[in-house]
Amino acid sequence: MTPTPPTGTATRPADTLFELRFTSTPRGARLARRLTSYCLDRWGHPYGSEVNDGASLVVAELAANAVTHGRVPGRDALLRLVREDGLLRIEVSDTRGERAPVVRVAGDDEDAGRGLLIVGAIAETWGVTARADAPGKTVWAELRAGGPGVSA
């Protein structure tokens with residue numbers, strides 16, 4: 001089965017906005033990453049390009065954090081991609097507003113704890129905001145995307 005292309009809203013065309021609610025599970029996080037890559041390919045940033053690979057890695061880290069640290073049983077997470085003025089804004093929202101992300105330096109013998117350092121290295125900027133329309137928080141990152149087919 002071939003996936004359908006991303007859709008926009010009444011106010012934004014399909015090539016500038018993509019939203020996906022995904023289950024707060026590792027499988028949901030993997031789906032968010034894979035659909036990000038697919039969406040960016042459709043927007044003119046092919047698989048393997050710097051923009052596609054960087055955005056996929058950022059979504060992988062933010063979605064993994066959302067399902068690991070922001071999970072509330074029975075509540076979905078939300079991925080939102082917005083392309084505007086040469087920037088790609090990635091937003092991952094969860095329903096645990098009381099658990100803010102923490103940047104830490106993991107020890108050499110630790111397997112985890114480097115995700116936000118990776119996000120910070122790839123993104124132009126990133127941050128956390130409270131969700132206005134629902135409980136929880138949104139962790140966002142902005143990457144240089146240029147036009148279709150333009151590397152960051």
So, for [X] and [Y], which heavy atoms are closest and what is the spacing to 0.1 Å?
X    : Y    : value
V92  : A66  : CG1-CB, 3.8 Å
F22  : A29  : CD1-N, 3.8 Å
D53  : G48  : OD2-O, 3.4 Å
H45  : A145 : CE1-O, 3.0 Å
G115 : E61  : CA-OE1, 3.2 Å
L88  : A55  : CD2-CB, 3.7 Å

Hey, could you give me the [atom1]/[atom2] distance between [X] and [Y], rounded to the nearest 0.5 Å?
X    : Y    : atom1 : atom2 : answer
W43  : Y38  : CH2   : OH    : 12.5 Å
D85  : R144 : CG    : CZ    : 9.5 Å
W140 : T138 : CH2   : OG1   : 11.0 Å
S49  : D41  : OG    : CG    : 8.0 Å
D94  : L78  : CG    : CG    : 10.5 Å
R83  : I90  : CZ    : CD1   : 13.0 Å

From CA spacing to verdict: side-chain contact (heavy atoms from CB on, under 4.5 Å), R96, K137: CA-CA 7 Å; R96 298 278 308 263; K137 67 183 171 301; 4.1 Å; yes
Side chain proximity check, P46 to N52, heavy atoms < 4.5 angstrom: no
Test item: V67 and T25 side chains (from C-beta on) under 4.5 Å apart, heavy atoms: no
Donor-acceptor pair between D76 and T23 side chains, under 3.5 angstrom: no
Residues L81, E19; criterion side-chain contact (heavy atoms from CB on, under 4.5 Å); working and verdict: CA-CA 6 Å; L81 306 175; E19 289 185 339; over 6 Å; no
Does [X] belong to the same Ile/Leu/Val/Met/Phe/Trp/Tyr cluster as [Y], with side-chain heavy atoms less than 4.5 Å apart forming each link?
X    : Y    : value
L57  : L62  : yes
W126 : I122 : yes
I118 : L40  : yes

From CA spacing to verdict: side-chain contact (heavy atoms from CB on, under 4.5 Å), T36, L79: CA-CA 9 Å; T36 293; L79 167 67; 3.3 Å; yes
More than 12 heavy atoms from other groups under 6.0 Å of CZ on R75: no
side-chain contact (heavy atoms from CB on, under 4.5 Å) between T95 and R131, intermediate numbers included: CA-CA 9 Å; T95 54; R131 293 175 76 182; 3.9 Å; yes
